[in-house]
Amino acid sequence: MIAARGLSIRTGAGHAAVRSADLAIRPGERLGVVGESGSGKTLLALAMIGMVPEGLQVSGEIAVGGTVVAPGDEAAWQRLRAREVAMIFQEPMSALNPLARVGDTIAEPLMVHRGLTRSAARAQARELLEETGIPQPERRLDQYPHELSGGQRQRVLIALALACDPALLIADEPTTALDAAVALRITDLLVRLARERRMALLFISHDLAAVARTTEAMLVMYGGDIVERGATDRVLADPAHPYTKGLIAARPSLAQRGRRRLPTIPGTVPPLEALAEGCRFAGRCPVELPRCVHLRPAATATASGSAACHLLGAAP
Amino acid sequence: MRVPFNLALGAALVALVLAVALVSLVWTPHPHAALDVANKFAPPSAVHWLGTDQLGRDLVSQLMVAARNSMAVAVLAVGIGCALGTGLGLLAAARGGWTEEAIMRLSDLGFAFPALLFAIMLAAVFGPSLPNVVIAIAFINIPTFARVSRAAANQVWRRDYVWAARAAGMGRFAISRDHILPNIAAPVIVQMTIEFAVAILVEAALSYLGLGAQPPNPSWGRMLSEAQTLMYLAPQLAIWPGLCIVTAVLGFSLLGDGLRDITDPRLTRVRAA
Amino acid sequence: MTLLQVDSVSRRYRLPRRALMRPAPVLTAVDGVSFTLARGETLGVVGESGSGKSTLARLVMGFERPDAGRVLFDGQDNNDLPPAALRAARRRFQMVFQDPFGSLDPRRRVGWSVAEPLRALKGTEDPAPRVAEALEQVGLRAAHAGRYPHEFSGGQRQRIAIARAIITRPALLVADEAVSALDVSVQAQILNLLMDLQEELGLAILFISHDLAVVASTCDRLLVMQGGRVLEAGETGAVLDAPGHDYTRTLLAAARL
Amino acid sequence: MSYFLVRRGIGFVLTLIAVSVVVFAVMNVLPGDPSLTILGIDSTEEARAALRERLGLDEPVVSRYLAWTFGALRGEFGTSYAFDVPVAELIAERLPMTLSLAISGMALTVVLALVLGIAAAARHGGPGDWAIMLFSQLGIAVPAFWLSMLLVLLFAVHLRWLPPGGFPGWGDPLAAARALVLPTVALALVQSAVLARVTRSSVLEVMRLDFVRTARASGLPRARVLWRHVLPNALVPIVTIVGLQFAGLVTGTIVIENVFYLPGLGRLLFQSIANRDLVTVQALVMLFAAIVVTANFLVDIAYLLIDPRLRGARA
C-alpha cells in the first residue's frame, strides 16, 4: 500500500499548488486523478515518486509499503524508484533517449537494480516488450526511438516502467498526445497490466472518458485541493461537488447533437496567487455561500464517496 | 524585473569604455602622440597617471584614443555586418526555396574564412590599414547574422500569428516588417553584443600583427606588440593595454549573456527541471 | 446556397530523400476530398493526426495549392486569382488557430492584432470603432484593445483571435482545433461563443477537430477522415447513430463517458 | 547513411572549389597590379613587366585560375618570390609546427573544457559553477597574444622555467616540447573557456529534456544519468563548436607563432605579407581555409557517428 498524508506543495513565493492532500492506493487498485490545468494533479503525481521540481517545497508524509519517506530524501527515493514506484509521462515522443537502442534503455534499470548481465537484461526486456503487446518485440530491441510510432513508444515506456516490477505505476496523461484509437489500446493495456500484476495504477488525466475507462476510483482536483473522491462510475453518474457537476456538464457529449449550447462554468481557472483561501472554487461557484471564500470546507460523506463543500456539510 | 548581475556589470563596463572613447574625442590629459624622450618610461605620477612609454608619450592619453579606435571599428564593422546579414536572413526566411538555399550556401562559404584570415588576405592585397580591418570584420559578420536571423525568422514564420497575418491578407514584406523583425530582435541584439566583443579581439590581434592601426594612431594591440620588445625593460607597458582589451571584451560578453538570460525563456526555466 | 465547394482536391508532399538512387518518397496528405458547405452551416471534420484535416484547412484558406481538384469560394477558384486579388478576397474567409498562446504576436497590443485584417485591406477608415465592436462581440471590453496578449488567459486569447477573424465580417470561418488546447470549462464557453456568432453573423464554419464529442455537439454535418481520405460523411445524427466504418466506431468508443 | 555522406561529401568539394575561387579572386582579380604590390611603387616598369611575365599575369584570368588549382591539386603552389624556392617546400618545412600546435592545443582545449563544463553543470548554481563560469568569462575576454605575453613574463622572465620563445628544432624532442608548452597553453586556455561554456549550457539544456526525467524515474543514480543519458545527447552542439574552434585554433597559431617566434605556417604567412610575397600568401590563405572547411566536414561525419537519426530509418 502506498499512501500520502497531508501532502502540500508550495511555490517559492509561498502559494499552495497542492493543499494537504491525502490519498492511499492498495495493490491492484486503479485510481484516477482528474483536473484541469493548474489543478495540481501532476505535482501530486510527481510527489509520489519524489520528483517534484527543485524550487518547490513539499511537506507531509509519504509511506511506501509501510516505510515513511521524507519528500526530499533523494537517496531514499532513488532506491524506491523503478522497484516500488514507476512513472510514465505524457509525451512519448521525447521521453526516450534518442541515442539509445530501445532494448538497452529497458535493460538498464535491470542491470543497475537487479544486477543482471547485459544479455539476461535484454532477454527480460524482450519479455517485457512482449507483455506490452508491441508487434515484433524481438526486432524492437535494436531499434531507436525515432523508428517507432507514438503508440509503440508509449508501450516501450510502459515496458521500461514495469522492468523492476513496481508496486505502483503512475501514468501522467499517458494518452493525451496519442490519437483516439491508440489511446484506447493504451488504456486497455494499463488496465490489463494492473490486473495481471496486481499493480496499483495512479492514472492522471484531464480526460473524463479516459479516466472512466481506466479506473475504479477517482479524485477530482481543483486549484490544488482534492474536492471530491469516490467510485469512478458513481462520481461520474452522481457528482456532489459543484465543480465536478460543472465539469461533467460542460463536457461536450455525444448525446447532444448539432449546435446545442453547453452549460458552462463562468470565468477561467485563476492563477495560484488569486485563489481563495477557503474553497478554491469560490468565485466561480454557482451556489457559493459567504463563508466559502475564507473557510476551507472539510470532506463530507456523499452517496458516491466524499466531497469538500460547505453545502454538503453541517454548518460550522 | 530583477536585473541579473552579469547584465548590470556588463552594461557598466561597456558604458565605461564608451564614455572614455567619447571623452577622448574632446579631451585627453596630453596630446596622445606628443613625444617627450627625456621623460621616457616615467612611473605613474600626477602628471602622467599611468606613466609614459619608450618615447615619453603619455600612456593614459594613448589608451583613451585607442579605445576610440577600437570602439569605432567594432561599431562600424558589426553595424554594417548586422544590417546586411539580418537583411539577407529575413529575405531568405521570407522567400524560401532557391533564394534561401543560395543565401545559406553563400553564408556557408563565408564560414570558411575566419575573420583573422580574411583580414590578413585583405591586408596582403591592399596594405594594412584600419578601414581594411573594418571591411574584413564586417564581411565576416554578414554570414553570422544571416544565419542567426534566418534561423530565428524561420521559427517566427511558423508561429500561428504569422499564419493569422497571412489569413488576414498581409503580404510577405509587411509580415517581415510587422511580425518577424520585432520578434527576432532579441537574438540579433544578443549576437551583436557578442560580435562586438569578437571584433575588439580581432582588431587587437590584427593591430598586434601590424595589420591594423598604423603609427602614430594608437591601438591597444599595437601598444602590446611594442611593449613585447621591451618586456625585460618595462613590463608595466604590457599590462595596461591588455587590461583595457579585457575590460571592453568582458563588458560586451557579459552584456550579451545578460541580455540572453532575460530574453531567452528556455534558459530562465532551468530550475523548473 | 453553396458557399464553399471543395471538388476532389489532392495534395502531395515530397518527403526528404532517404537514399541517393531512389526517388524522394511522396506523402499524399489529402487524397481526392470533396464536400460543400452552405452559408450559415457548420461542417465538422474529424480525424487523427496525419489524417489530412489540417492540410485541408490550409487548402481551403488558399495557403497551399492543391495538386489536383479545385477549391471554389462563391464559385471562384482562389488559385486563379493574382496574389493581390487573393489577399483582398481573404476578408471573406478567416481562420482561428489551435494554440491561443501562439496565435497572437506577443509584441503587439491586442487592438493592433485585431485590426490587422482591416489594415491588409488598406482602408482609410479609423479601425478603432470596428475593433471595439469586434471585442465586444466576443465578450471582451473595448478597453482590452490597449493590453498585451500575456495579460490574458488562454480562453480570453482565443476570444481575441476570434475577434480578429470576424472583424472583416467574413462569410466563412475555418476553426482548426480551435478549442483543443483549452480546459474543458473554458472550451464550452468558446464553443458557445462560436455558435452565437454564427447565428448573429450568418457565418459558415468549417470546424476541424480530433475530438468527436466536440464536433458532434457543434456541427450540422460531419466528415470523418483517415489517411487523407474521407471515410464517411453525413448528417451528424446519422453518422453517430449508424457509423458506417470501424474507425468511426473507435472514435465513438473513445469519446463515450 | 550513404546518402547523408554523399550529400555532405559533394557539399565539401563544392565549398572547397568556391573557397579557391574567392581566394584567387581577392588576390588576383580585385583592382590593382600584383606586380606593383610586390615590387612597390618605386619599381621600374621593365621590372614589373618581367615579373608579370614570370608570374604568368598576362594570361587570361580563367586559365591562370585553372593552372593554379590544378597545380595545387598536384601539390605545386608556384615559387615563392621572396625565398625563391617552391612554396610547397616552404609549407612542408613548416606544417609540422603548425599542426602540432593546433592538435596539442585542441586536445588540451577539449580535455579542459569537458572537465570544467561538466563539473559546472553538475554543480549548477553552486559556488563551483560560479567559479568555473568566472574563469570562462575571463578566458573569453583575454586575447591569446596578451595571455602569451603574461605567461612569458611569469614563466620565462621571472621563474625562468621555460624558454620565452624561439624554437630549437625537432632534433632535440625535449627542448622542442619545452618550447611548445607556453604557446599550447596560451592557445588552449582561451579556447577552452569558450568550449567549457558551451559544454555547460548544452549539458544543462539536455538535463531539462523529458527522457532525463524518464531515466530518473527509473531510479538510476544521478551520475549514471549524467554520463549515460545526458552527455551523449549534449555532444552535438559541443562537436559543432569543436569544429569551429579548430578553425579558430589554426588561425590562432598565426598570432601565437608570431608571439613566440615559432617557424610555422602562421609566421611564414606573416613574413610573406611583409615581403609582399603574394604567391606564398595565396597558397597559405587557401591552405588555412581548406583546413577550416575540412574540420567542418569532419564535424558532419561526427554527427553521423553520434546520432542514429541521421543514419536513416531502418524500419
Side-chain angles (χ1 to χ4, degrees), chain B residues 6 9-10 105-106 108-118 120-128 194 197-198 200-202 204-206 208-211 220-221 224-225 227-228 231-232 235 238-239 241-243 245-254 257 266-267 269-273, chain D residues 11 14-16 18-19 22-23 26-27 30 32 34 37 124-125 133 137-138 140-147 149-150 152-153 157 164 197 201 204-205 207-209 212-213 244 247-248 250-252 254-255 258-259 269-270 272-274 276-278 281-282 284-285 288-290 292-293 296:
Chain B
N6 49 4
L9 181 61
R105 290 293 80 80
L106 276 176
D108 281 349
L109 182 57
F111 279 100
F113 296 97
L116 202 59
L117 190 63
F118 198 76
I120 285 172
M121 189 161 73
L122 287 189
V125 178
F126 300 109
I194 293 164
V198 173
I200 293 165
L201 282 172
V202 171
L206 285 167
Y208 170 81
L209 290 175
L211 302 175
W220 294 329
L224 283 175
S225 85
Q228 195 183 359
M231 208 139 69
Y232 292 87
I239 300 299
L243 280 181
I245 298 172
V246 171
T247 306
V249 176
L250 192 62
F252 280 109
S253 140
L254 285 172
D257 274 6
R266 287 182 315 157
L267 291 170
R269 274 185 306 164
V270 168
R271 298 199 66 86
Chain D
L14 288 179
T15 309
L16 272 185
V19 165
V22 170
V23 171
V26 171
M27 306 293 291
L30 286 179
T37 312
H124 179 230
M133 281 305 98
Q137 273 295 359
L138 275 175
I140 288 166
V142 172
F145 63 91
W146 186 53
L147 180 64
M149 290 166 64
L150 296 181
V152 168
L153 264 180
V157 179
R197 284 168 66 80
S201 63
L204 286 178
E205 192 137 317
M207 277 181 173
R208 289 199 299 274
L209 298 181
V212 176
R213 197 171 54 172
L244 290 175
V250 168
T251 50
I254 300 175
V255 181
N258 280 296
V259 181
L269 176 60
F270 185 67
S272 306
I273 292 169
R276 297 163 175 171
D277 187 353
L278 287 193
V281 171
Q282 183 173 323
L284 286 172
V285 169
F288 277 116
V292 171
V293 174
N296 287 335

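Please read these numbers as outputs of a predicted model, since none were measured by experiment.
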Minimum side-chain heavy-atom gap Val157(D)-Pro235(B) below 4.5 Å: no

Nearest atoms (heavy-atom pairs only) where Ala205(B) meets Val255(D): CB-CG2, 4.3 Å

Minimum side-chain heavy-atom gap Phe113(B)-Val23(D) below 4.5 Å: yes

Leu209(B) portion near chain D, given a 4.5 angstrom heavy-atom threshold: both

Engaged part of Leu150(D) at the chain B interface, taking heavy atoms whose separation is under 4.5 Å: side chain

Side chain, backbone, both or neither of Arg213(D) within contact of chain B (heavy atoms, under 4.5 Å): neither

Side-chain (Gln228(B)) to main-chain (Val259(D)) donor-acceptor, under 3.5 angstrom: yes

Engaged part of Val285(D) at the chain B interface, taking heavy atoms whose separation is under 4.5 Å: both

Partners meeting ring-ring contact (aromatic ring centres under 6.0 Å, His included) with Phe288(D) (sequence neighbours left out): none

Straight-line distance of Met121(B) CE to Leu278(D) CG, nearest 0.5 Å: 12.0 Å

Part of Ile200(B) lying under 4.5 Å from any heavy atom of chain D: neither

Chain D contacts, top residue of Val198(B), Leu224(B), Ile120(B), Leu201(B) (heavy-atom pairs, under 4.5 Å): Leu224(B)

Those residues that, when tested against Ser253(B), pass side-chain hydrogen bond (donor to acceptor under 3.5 Å, both in side chains) (two or more places apart): Gln137(D)

Option in Val152(D), Thr15(D), Leu153(D), Val293(D) with maximal non-hydrogen atom pairs under 4.5 Å from chain B: Leu153(D)

Residue selection (most heavy-atom pairs with chain D, distance under 4.5 Å) from Leu206(B), Thr247(B), Asn6(B), Leu243(B): Leu243(B)

Gap separating the CG atom of Leu211(B) from the CZ atom of Phe270(D), nearest 0.5 angstrom: 6.0 Å

Contact origin within Leu254(B) toward chain D - heavy atom pairs under 4.5 Å: both

Test side-chain contact (heavy atoms from CB on, under 4.5 Å) applied to Ile254(D) and Leu117(B), step by step: CA-CA 9 Å; Ile254(D) 300 175; Leu117(B) 190 63; 4.2 Å; yes

Considering all heavy atoms, the nearest Ala141(D)-Val249(B) contact: CA-CG1, 3.4 Å

For the student: nearest non-hydrogen atoms of Val292(D) and Phe111(B), plus distance: CG1-O, 3.8 Å

Chain B contact via Leu14(D) - side chain, backbone, both or neither, heavy atoms under 4.5 Å: neither

Chain D contact via Ala112(B) - side chain, backbone, both or neither, heavy atoms under 4.5 Å: both

Interatomic distance, Asn296(D) atom CG to Asp108(B) atom CG [nearest 0.5 angstrom]: 8.5 Å

Proximal component of Asp257(B), with respect to chain D [non-hydrogen, under 4.5 Å]: side chain

Donor-acceptor pair, side chain of Trp146(D) and main chain of Gly221(B), under 3.5 angstrom: no

Toward chain D, the part of Ile239(B) with a non-hydrogen atom under 4.5 Å: both

